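Quick caveat, the model's predicted, so the values are computed rather than measured. Naming convention: chains lettered A, B, ... in sequence-line order (proteins, then strands); numbering from 1 in each chain.
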Amino acid sequence: MSKIGLIIGREVRAKLSNKTFIVMTLLAPLLTVGFLGLMIYLSASEKTEQKVLVLDESHLFENQLPPNDYIKFSYAKGKLDDAVKQLIDNDYTCLLWVAPNLVDGGAGTTTLRYKKSPGFGFQTYLKSQMEKILYEERLRANNIDPNIIHNAKQNVKLITEKVADNGSIKDDSSFSQIGFVPGVLMFAFVMIYGMMVFRSVMEEKTNRIVEVIISSVRPFELMMGKIIGVAFVGLLQFIAMGLISMLLYSVLSVFFLKEINKNLELFTQQKELVNKHGTNIDLSKLQNFDEQKETLDLVAKIQNINFVKVFVFFILYFVGGYLFYSSILAAIGSAVDSEADSQQFMFPVMLPQLAGYFLAIKSLMSPDSPALFWGSMIPFTSPIVMMTRIAGDVPYWQIIVSLVILYSSFVGMAWLAAKIYRTGVLMYGKKTSWRELGKWLFYRN
Amino acid sequence: MSEILRISGVSKSYSNHQALRNISLSVQEKSIFGLLGPNGAGKTSLIRIINQITGPDSGEVFFKGEKLNLKHVEQMGYLPEERGLYKKMQVGEQVLYLAQLKGLHKQEAKKRLRIWFEKFSMQDWWKKKAEELSKGMQQKVQFIVAVIHEPEFLILDEPFSGFDPINAQLIRDEILELRNKGASVILSTHNMGSVEELCDSIALINRSEKILDGRVKDIRKTFRTHTYRIAFKGNVVGFTNALWTGADITEKEKDEDVHVWTLKARTTVSSNDILNAVLPHCELISFNELIPSMNDIFIRKVSEGNEATGTQSSFTE
């Protein structure tokens with residue numbers, strides 16, 4: 001057993017002394033969080049102040065455009081040239097010019113001249129406000145009270161609640177939307193570390209050190225030492241990346257997510273209020289979150305996830321899925337002389353995982369389908385598929401059965417892989433086929 | 001001398017060919033045993049069975065009187081023919097790792113490695129990566145890996161390939177020293193010069209079968225062809241007549257007034273008979289028997305075997 005320890009130790013040291021590995025461990029979370037931060041920063045920069053000078057020759061919008069926290073409107077009179085001069089001389093950021101024939105003949109075309117680039121959000125806001133004013137204007141022109149139209153329209157919101165066997169009700173708010181993120185991560189992690197084992201096996205074979213090693217230890221010990229060693233490296237890297245990401249995320253949220261969290265709190269309170277009292281409360285007192293509703297719903301869903309549960313099962317499924325697939329990849333690595341030769345074997349290995357990935361995407365549509373159930377039981381797909389379901393409401397017996405199947409399949413697969421491995425590492429110069437691998441399974445040793 | 005390794009009736013076959021057919025041989029303690037044979041004869045298969053990398057289909061192997069088992073692994077050292085190192089790993093690190101796999105403690109391995117590095121004057125290689133070393137340098141490292149745990153039994157497969165003459169001599173001396181200290185060595189090589197120089201006994205394997213084995217001296221004696229080389233001055237006609245009944249002259253050379261002839265004697269004729277016959281007719285300068293070299297014996301035995309089955313030898317030196 002101490003020899004397995006030596007092999008594990010060497011494998012871990014070899015990976016940890018690899019500079020690329022260290023750099024990637026540090027860089028990956030930086031890039032991920034940095035990308036997230038950039039997105040948030042970019043959407044926040046939409047809210048930069050705009051002082052808009054409006055020259056409205058149609059006289060439809062005068063003193064009508066509603067300002068908000070960061071968009072202010074001033075209204076100019078006179079000619080366009082004067083207004084342009086005003087824009088240049090004063091601290092206005094842009095000039096909205098509405099032609100006299102906006103409605104009749106202008107087909108709604110207006111011009112926005114700017115000194116400071118108008119963000120997409122600002123443009124959308126401006127457009128929607130102008131359309132609203134024109135819409136109401138037309139209604140009035142036809143003697144229709146705009147309030148009648150507004151009141152006639154009723155939005156429907158569907159709240160999904162799962163009824164458990166004991167009658168308790170749970171707002172599962174369909175986790176799947178976010179669930180496939182851990183599923184995809186699982187796919188990526190299992191493949192990354194599986195390939196690490198594959199390369200490590202192939203390296204020992206091609207630089208021909210393997211013969212010396214297996215004259216000291218049994219091939220099974222060498223293979224398992226490698227698989228376990230890389231598992232340690234993987235867990236270490238996973239935890240390191242997780243911690244760094246969490247740290248960066250909390251730093252980031254202090255600076256950027258403060259407002260979103262504040263809004264979310266208010267949003268949640270209002271939702272509860274409406275749920276309790278129905279429409280009997282004074283709706284005008286509530287803040288309107290229409291624009292941010294989607295984001296807030298998503299953030300609320302993320303915050304509702306039981307992260308500890310997801311994390312624990314992610315680790316369990318990652319280790320199981322990795323052990324299972326890395327046994328297969330170790331066997332393949334022992335059978336080939338170069339990465340190029342491995343193509344024919346790689347595709348069938350990737351295929352079930354891709355199937356799992358598509359099932360995961362399908363889970364967005366129907367989280368409780370039989371295909372998903374079986375996908376989360378079969379060891380080839382279970383790590384990916386079960387991860388997409390797990391933060392939702394999967395019965396624990398299913399998780400336990402699926403984990404037991406996964407880990408026992410690993411034992412079986414490792415046994416088969418070892419048979420191929422011990423023959424494969426000593427075979428050189430022959431291009432191996434699936435048939436050949438099958439034969440190796442039955443070699444006596 | 002007692003026996004350290006006994007192989008009895010070992011056969012091994014792979015899916016499409018038989019690698020070893022009923023091989024039996026025995027290696028004595030404190031001796032160097034040459035395992036010879038053309039490429040593809042089955043030497044590596046046999047070596048792998050001794051190393052327990054694979055097992056025989058039938059037959060048995062005994063190490064120091066015990067049936068071969070995993071515990072013996074630590075008492076054997078192995079230098080494979082196709083050998084390599086981890087390219088990116090420091091030389092010192094990897095020798096320590098491989099030594100520990102052979103059951104040596106880290107501290108002890110470090111101590112011994114320092115001694116070896118000093119012996120081969122490669123102290124400053126410790127921190128170098130294997131890929132930075134030349135092929136000959138790597139070979140030295142691999143040799144150290146095979147012997148650092150001071151195995152009682154050493155298997156060296158083509159240990160001299162890749163070495164320049166100076167380093168080959170260094171390794172040759174090392175092998176002899178290990179033998180003198182009590183180790184037994186199996187030497188598999190195509191270098192027949194080193195077989196004559198080093199080996200106490202040999203086995204010759206061809207086409208999966210053992211076709212010859214025994215002590216090197218005995219084998220060479222068995223294969224003697226009663227050929228003599230005689231150098232003399234004097235009467236050529238009288239000399240020729242004197243040999244008439246006892247031997248054939250196969251080769252005649254003349255260097256100034258010295259004749260150097262090669263004679264093949266009838267089997268019943270001894271060297272004394274020849275000398276008695278020719279001495280009255282010449283002034284003898286030298287007389288010696290031409291004992292066939294291992295190289296001659298190797299080629300003769302292997303091509304005999306191949307002719308018997310009517311195929312070409314695949315042997316290349």
(request) I would like to know whether A/Lys3 and B/Gln100 meet side chain to side chain contact (heavy atoms under 4.5 Å, CB included); could you show each step before the answer? (result) CA-CA 8 Å; A/Lys3 285 185 180 173; B/Gln100 281 173 280; over 6 Å; no
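Ranked by heavy-atom pairs under 4.5 Å with chain A, the first of B/Tyr14, B/Tyr78, B/Tyr86 is B/Tyr86. Counting heavy-atom pairs under 4.5 Å between each of B/Val145, B/Ile49, B/Val73, B/Thr44 and chain A puts B/Val73 at the top.
Rounded to the nearest 0.5 angstrom, B/Lys88 NZ and A/Ser17 OG are separated by 10.5 Å. Between the CZ atom in A/Arg208 and the CD atom in B/Glu82 there is a gap of 4.0 Å [rounded to 0.5 Å].
Seen from the ring of B/Tyr97, A/Arg13 does not count as a face-on cation partner, given the 6.0 Å and 45° thresholds.
When side chains are defined from C-beta on, A/Ser216 does not count as touching B/Leu98, because their heavy atoms never get closer than 4.5 Å. Side-chain contact between A/Ile209 and B/Gln94 is present, with at least one heavy-atom pair separated by less than 4.5 Å. Inter-residue side-chain proximity for A/Leu426 and B/Arg48 is flagged as met; some heavy-atom pair is nearer than 4.5 Å. Taking 4.5 Å as the limit, some side-chain heavy atom of A/Arg218 sits within range of a side-chain heavy atom of B/Leu70. Looking at A/Ile213 and B/Leu101, their side chains come closer than 4.5 Å, going by heavy atoms from C-beta outward.
Atom CZ of B/Phe120 is surrounded by more than 12 heavy atoms from other residues, nucleotides or ligands within 6.0 Å. The environment of B/Lys128 atom NZ is dense: over 12 non-hydrogen atoms of other residues, nucleotides or ligands sit within 6.0 angstrom. Around atom CH2 of A/Trp415, no more than 12 heavy atoms belonging to other residues, nucleotides or ligands sit under 6.0 Å away. By the neighbour-count criterion of 12 heavy atoms within 6.0 Å, atom CZ of A/Phe380 is sparsely surrounded, having that number or fewer from other residues, nucleotides or ligands. Other residues, nucleotides and ligands contribute more than 12 heavy atoms inside 6.0 Å of the NE2 atom of B/His17.
Smallest separation of non-hydrogen atoms from A/Glu211 and B/Pro80: CD-CB, 3.9 Å.
Of the residues listed (B/Leu79, B/Ile47, B/Asn51), the one engaging A/Ser215 in a side-chain contact (heavy atoms from CB on, under 4.5 Å) is B/Asn51, and it is the only one.
Only the side chain of B/Glu74 comes within contact range of chain A, with heavy atoms under 4.5 Å apart.
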